[in-house]
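Read through the structure below, which is laid out as structure tokens, and then see the notes.
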Amino acid sequence: LNENITVNWTVFETEELVKECIEIGLETNELKFTSSFESSLLQDLEFDVLYANYSLAYTNDPYLYIQKLLELNFKKFYITNTALNEINDRDIVGVQKSDLATNGVGRNIPTDLNLNNKTIFYPFTVMSEKKFENLVNRYATIILKIKEEQTSYKTDVGSFSLFGYLLAKI
């Protein structure tokens with residue numbers, strides 16, 4: 001970027017990752033980390049853009065997280081790679097099976113971590129498209145909605161697609 005332009009980033013992450021990022025010195029005047037929606041860091045800012053990629057399905061309460069994000073002071077919000085149930089109004093909770101190596105950057109575990117690849121399991125929620133959009137519409141206008149990938153999440157109760165939304169604060 002031009003030296004006269006600054007980009008301020010606020011990263012919302014797990015408490016453990018925020019602590020680690022701060023301890024190893026990643027935080028700067030332009031890059032901040034938080035794990036709390038009640039943080040003054042989030043409350044005192046107007047965000048040009050909020051960005052959420054894949055993350056909502058892996059929280060313990062995706063509707064609460066999306067509501068907390070929608071309550072922030074923002075101009076635009078881009079939500080991408082979000083699995084939604086467009087078939088009916090049900091939320092689908094499942095367990096995802098994955099290799100440890102496919103989580104994080106790349107497909108190989110760095111050798112200095114001394115970790116072996118193994119199968120891991122973690123919960124996910126496919127939110128109801130209708131309930132998701134009803135919540136969104138209380139705080140924002142949907143400018144763009146796209147189906148990014150057809151039948152990405154395959155479960156015992158059906159297959160679900162990934163969606164992207166561009167929102168503007170009301």
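Looking only at distances, a side-chain donor or acceptor of E148 sits under 3.5 Å from a matching main-chain atom of N81. Side-chain atoms of N88 come within 3.5 Å of backbone N or O of R90 as a donor-acceptor pair. Judged by distance alone, the side chain of S55 and the main-chain N or O of A52 form no donor-acceptor pair under 3.5 Å. Under a 3.5 Å cut-off, the side chain of K169 and the backbone N or O of L72 do form a donor-acceptor pair. With D61 contributing its side chain and L64 its backbone, the two residues share a donor-acceptor pair below 3.5 Å.
The shortest heavy-atom contact between F74 and F77 is CE1-CB, 3.7 Å. Minimum heavy-atom separation, D89 to S128: O-CB, 3.3 Å. The two residues I170 and N137 have their closest heavy-atom pair at CD1-O, 3.6 Å. Y122 and S98 make their closest contact through OH-CB, 3.5 Å (heavy atoms, listed as atom of the first residue, atom of the second, distance). Nearest approach of L31 to L26, heavy atoms of both residues: CD2-O, 3.5 Å. M127 and T82 get closest at one heavy-atom pair: CE-CG2, 4.0 Å.
For the pair E13 and E20, the minimum side-chain heavy-atom distance is 4.5 Å or more. Taking the side chain as every heavy atom from C-beta outward, K76 and D48 never approach each other to under 4.5 Å. Side-chain contact between K32 and E27 is present, with at least one heavy-atom pair separated by less than 4.5 Å. Side-chain atoms of E133 and I142, non-hydrogen and from C-beta on, do get closer than 4.5 Å to each other. No side-chain heavy atom of N85 sits under 4.5 Å from any side-chain heavy atom of F132. For the pair L167/T141, no side-chain contact is recorded, criterion being any heavy-atom separation below 4.5 Å from C-beta on. Put simply, the side chain of K75 reaches to within 4.5 Å of the side chain of E46, judged on heavy atoms. Between L135 and Q67, the closest side-chain pair of non-hydrogen atoms falls below 4.5 Å.
Side-chain contact check for S161 and E149: no donor-acceptor pair (N or O, by modelled atom type) lies under 3.5 Å.
Heavy-atom neighbours of K145 NZ from other residues, nucleotides or ligands within 6.0 Å: above the threshold of 12. Applying the 6.0 Å contact sphere to CD of E15 captures no more than 12 heavy atoms from other residues, nucleotides or ligands.
Cluster membership check: V11 does not share its hydrophobic cluster with L42, using side-chain heavy-atom separations under 4.5 Å among Ile, Leu, Val, Met, Phe, Trp and Tyr. A single hydrophobic cluster is seen to contain both I109 and I120, as judged by linkage of ILVMFWY side chains at heavy-atom distances under 4.5 Å, directly or through other members. Linking Ile, Leu, Val, Met, Phe, Trp and Tyr whenever their side-chain heavy atoms come within less than 4.5 Å leaves V136 and F160 in two separate clusters. Grouping the Ile, Leu, Val, Met, Phe, Trp and Tyr side chains by contacts below 4.5 angstrom, directly or via other members, places Y65 apart from V18. Taking hydrophobic clusters as Ile, Leu, Val, Met, Phe, Trp and Tyr residues chained together by side-chain heavy-atom distances below 4.5 Å, Y139 shares a cluster with L84.
Summarising the geometry, atom CG belonging to L162 is positioned 5.0 Å from atom OH belonging to Y54; distances are rounded to the nearest 0.5 Å. With values rounded to the nearest 0.5 angstrom, L50 atom CG is found 8.5 Å from I79 atom CD1. Atom OG1 of T102 and atom CG of N117 lie 7.5 Å apart (nearest 0.5 Å). With rounding to the nearest 0.5 angstrom, the OG1 atom of T34 is 9.5 Å from the CD atom of Q43. Between the NZ atom in K131 and the CD1 atom in I66 there is a gap of 14.5 Å [rounded to 0.5 Å].
Through direct or relayed side-chain contacts under 4.5 Å between Ile, Leu, Val, Met, Phe, Trp and Tyr, I143 connects to Y51, Y78, L144, I146, L166.
Taking the six-membered ring for Trp and thresholds of 30 and 60 degrees, Y165 and F163 have ring planes inclined between 30 and 60 degrees apart.
Residues F33 and F12 place their aromatic rings such that the two centres sit no closer than 6.0 Å.
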Chi angles and distances behind the salt bridge (Lys or Arg N to Asp or Glu O under 4.0 Å) call for E38, K68: CA-CA 9 Å; E38 284 70 38; K68 292 289 190 179; 3.5 Å; yes

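Looking at K130 and E86, no side-chain N of the basic residue comes within less than 4.0 Å of a carboxylate O on the acidic one, giving no salt bridge.
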